[in-house]
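See structure below.
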Amino acid sequence: MSESTVLKFGGTSVADAGALQRVAGVVQRAHRNTRPIVVVSALAGVTDALLAAADAAASGDAERIRLQLDALLERHAEIAGRLARPENARGIRTVLEHTRAEIADLLQRVAAEPERRPALRDELAAYGERLSAALLTAVLLAADVPARYVDARHCLITDGTHGRATPILPETEQRTRAELAPLLDRRLVPVLGGYIGATLAGVTTTLGRGGSDYSAALVGAALGAREIQIWTDVSGVLTADPRVVPAAGTIPRLSYAEAAELAYFGAKVLHPKTIQPAMERDIPVRICNSKAPAHPGTMVTARGELRAGAVKAIAHKCGITVLQISSTRMLGAYGFLRGLFEVFERHQTVVDVVTTSEVSVSLTVDDARSLPAIVAELEPLGTVAVESGRAIVCVVGEGLRTTPGIAARVFATISDINVSLISQGASRVNLTFVVDEDRVQETVLRLHDALFEREPADLDAAAATGAP
Ligand code: ADP
Ligand code: ASP
Ligand code: MG
């Protein structure tokens with residue numbers, strides 16, 4: 001099965017009939033020279049609408065977004081009517097009728113059974129990917145691709161943490177192979193929804209927002225695929241978030257370490273966990289543009305390549321809270337840090353960046369839900385200061401390992417912006433720091449201009465004078 005390739009299409013790649021037709025073209029071409037496995041996200045906007053309906057139902061107001069949800073569901077039938085064979089379009093229409101009734105029932109249960117809400121939310125959200133996979137299967141069949149719908153919940157087996165489930169790897173590998181290998185052997189093209197899975201007991205779970213990329217990587221790893229392709233709405237991983245930096249350009253090659261850091265620190269184009277399964281099996285990950293399929297996009301492999309100027313990209317992540325814990329009891333004491341991090345572990349809160357001095361620890365979290373409880377438990381350990389409204393900026397490049405002077409250039413460029421928590425990641429391919437959220441766009445724009453848009457001679461001058 002080593003010649004199989006996973007092709008994952010994101011929500012915007014399947015937003016409308018035109019987009020789905022382009023996807024069918026990509027899969028058709030892939031089917032000529034490899035054995036494609038297709039992983040697909042919900043149609044753009046559908047997951048948001050399903051989760052909003054769950055929230056509305058929880059506050060006793062399910063009717064509020066019903067029209068919007070109905071219109072989004074109807075889009076599946078409209079697209080099938082235009083692109084699928086008549087019998088398959090009728091099939092989609094029937095599935096949709098059942099789905100509407102099931103969703104109405106689930107929304108009632110969300111209101112009536114508050115203790116089961118996390119599980120019901122996942123059940124609701126899963127309809128997005130189940131429908132898009134059924135629709136894409138029908139569209140592919142009409143394009144003469146021998147597609148077969150596969151229920152992803154029979155492949156991706158997870159723990160029961162609803163909303164952000166963790167895959168159980170041996171089980172997932174075994175089931176994915178058992179489901180997909182017989183189809184691939186018959187040269188059929190499996191089509192499965194990303195983002196969704198199920199527990200061993202068969203209860204529906206989801207991998208967290210944007211999790212279809214992760215699904216694709218897990219499927220690719222399970223099958224020892226030749227390549228994992230992430231098809232999205234931009235031409236690969238760009239040098240910065242294009243919504244902030246219009247001049248951002250495609251990065252042709254990245255190492256796994258670089259891509260993982262970028263994904264982790266805010267480059268939405270890849271779900272943060274995508275790289276891990278690919279890296280473990282040494283499977284290349286390619287990020288491609290479904291609107292410009294001929295563009296080579298970005299290739300992520302073990303080796304990557306160095307770029308003159310050392311920096312490959314700048315990522316940023318908003319909504320960060322910084323906690324500073326100060327205590328003279330840290331001096332010469334052992335076990336202090338363990339006690340501190342155990343607090344975060346108990347509250348299942350991920351810590352992103354950590355810096356320590358002799359008497360204080362500063363760290364960042366982006367999930368502030370458990371913050372009041374965490375702070376209460378940290379207070380016996382020392383004085384706790386909480387700063388919200390911060391952002392992480394992460395400058396990434398393999399060249400940072402070996403090129404001196406990058407930090408000087410970076411900080412000279414933004415010398416008038418208040419910077420805290422500076423850390424050069426353990427992998428040494430990133431330089432990470434924290435700024436105020438309301439200055440993060442300016443920070444990223446200025447760094448991009450200095451590190452990518454100017455001549456190296458300008459950079460030397462800027463570093464020497466401290467001028468931005
Ligand atoms: P999909 O629906 O295909 O999963 P996403 O919206 O999740 O797509 O991710 C693609 C988007 O990620 C792009 O449209 C872009 O706005 C955003 N993005 C943020 N940072 C980057 C980056 N460094 N490179 C490319 N895209 C980025
Ligand atoms: N449809 C899911 C979401 O919107 C998963 C994904 O698109 O990757 O979060
Ligand atoms: Mg995504």
Side-chain angles (χ1 to χ4, degrees), residues 7-15 19 22-23 26 39-52 72 121-122 124-133 136 152 156 163-165 192-197 205-219 229-252 254 258-274 285 287-292 295 297-298 300 311-318 392-397 440-441 444 447-448 452:
L7 284 74
K8 177 262 170 179
F9 298 93
T12 47
S13 302
V14 290
R22 279 195 297 273
V23 165
V26 170
V39 174
V40 64
S41 294
L43 267 55
V46 171
T47 309
D48 284 341
L50 287 164
L51 292 175
L72 281 168
R121 258 175 90 80
D122 275 353
L124 278 161
Y127 280 102
E129 268 68 12
R130 289 168 62 189
L131 287 173
S132 66
L136 180 54
L156 273 96
R164 51 183 165 119
L192 53 159
Y195 175 58
I196 63 177
T205 54
T206 59
L207 301 178
R209 294 306 306 268
S212 297
D213 303 330
Y214 188 29
S215 302
L218 289 164
V219 169
Q229 299 176 353
I230 306 291
W231 289 83
T232 184
D233 61 349
V234 284
S235 294
V237 181
L238 308 182
T239 47
D241 186 335
R243 293 165 296 184
V244 173
V245 182
T250 301
I251 309 163
L254 284 170
E258 289 171 329
E261 297 289 351
L262 287 171
Y264 194 72
F265 288 111
K268 189 182 169 229
V269 63
L270 282 179
H271 182 275
K273 293 183 184 161
T274 312
V285 179
I287 296 90
C288 324
N289 189 347
S290 61
K291 293 179 184 156
H295 193 291
T298 298
V300 185
V311 175
K312 291 258 188 81
I314 306 161
H316 71 282
K317 186 155 113 173
C318 294
I392 293 177
V393 177
C394 181
V395 174
V396 172
V440 69
Q441 300 216 351
V444 174
L447 284 176
H448 194 272
F452 294 97

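It should be emphasised that the depicted structure is a prediction, and the values quoted were computed from it without experimental measurement. Computation of the quantities below employed the complete heavy-atom set of this structure, encompassing side-chain atoms and omitting hydrogens, waters and symmetry-equivalent molecules. Just follow the structure's listing: the first ligand is 1, and inside any ligand the first atom is 1.
Taking every heavy atom of both residues into account, Val40 and Ser132 meet most closely at CG1-OG, 3.7 Å.
With a 4.0 Å heavy-atom cut-off, ligand 1 is reached by the backbone of Lys268 and by its side chain too. Only side-chain heavy atoms of Lys8 come within less than 4.0 Å of ligand 1; its backbone N, CA, C and O stay farther off. Here Ser13 has no heavy atoms under 4.0 Å from ligand 1, in either its backbone or its side chain. If you look at Val234 next to ligand 1, the close heavy atoms, those under 4.0 Å, all belong to the side chain.
With respect to atom 12 (O) of ligand 1, the closest heavy atom belonging to the protein is Val269 N, 3.4 Å. In terms of protein heavy-atom proximity, atom 3 (O) of ligand 1 is nearest to Thr232 OG1, 2.7 Å. Of the protein's non-hydrogen atoms, Ser212 OG, 3.4 Å is the one closest to atom 6 (C) of ligand 2.
Ligand-side atoms of ligand 2 in range of Ser41: 6 (C), 7 (O), 8 (O), range being under 4.0 angstrom from any heavy atom. Close approach of ligand 1 to Gly236 is summarised as follows: ligand atoms under 4.0 Å from at least one heavy atom of the residue are 25 (C). Atoms of ligand 1 lying under 4.0 Å from at least one heavy atom of Pro242, given by number and element, are 15 (C), 16 (O), 18 (N), 21 (C), 26 (N), 27 (C). Counting atoms of ligand 2 from 1 in the listed order, those under 4.0 Å from a heavy atom of Glu129 are 1 (N), 2 (C), 5 (C). Interface atoms of ligand 2 facing Thr47, defined by a heavy-atom separation under 4.0 Å, are 1 (N), 2 (C), 3 (C), 4 (O). The Ala240 neighbourhood of ligand 1 comprises atoms 22 (C), 23 (N), with distances under 4.0 Å to a heavy atom of that residue. For ligand 1 and Val237, the ligand atoms under 4.0 Å from any heavy atom of the residue are 24 (N).
When only interatomic distances are considered, the shortest N/O to N/O separation between Asp233 and ligand 1 falls below 3.5 Å. Polar contact check, Ala267 against ligand 1: no nitrogen or oxygen pair lies under 3.5 Å apart.
The closest side-chain heavy-atom distance from Tyr195 to Thr47 is below 4.5 Å. The closest side-chain heavy-atom distance from Val444 to Asp241 is not below 4.5 Å. In this structure, Ile251 and Thr239 have side chains that are in contact, with non-hydrogen atoms separated by less than 4.5 Å. Side-chain contact check for Leu270 versus Leu262: every heavy-atom pair is 4.5 Å or farther apart.
Residue contact check for ligand 2: His271 places no non-hydrogen atom closer than 4.0 Å to it. In this structure, Gly211 counts as a contact residue of ligand 2, since one of its heavy atoms falls inside 4.0 Å of the ligand. Under a 4.0 angstrom heavy-atom cut-off, Gly210 registers as lying outside contact with ligand 1. Look at Ala313 and you'll find every heavy atom at least 4.0 Å from all atoms of ligand 1.
Closest heavy-atom approach to atom 19 (C) of ligand 1 among the candidates Asp241, Ile251, Ile287, Thr298: Asp241.
One N or O on the side chain of Thr250 and one on the backbone of Ser235 form a donor-acceptor pair closer than 3.5 Å.
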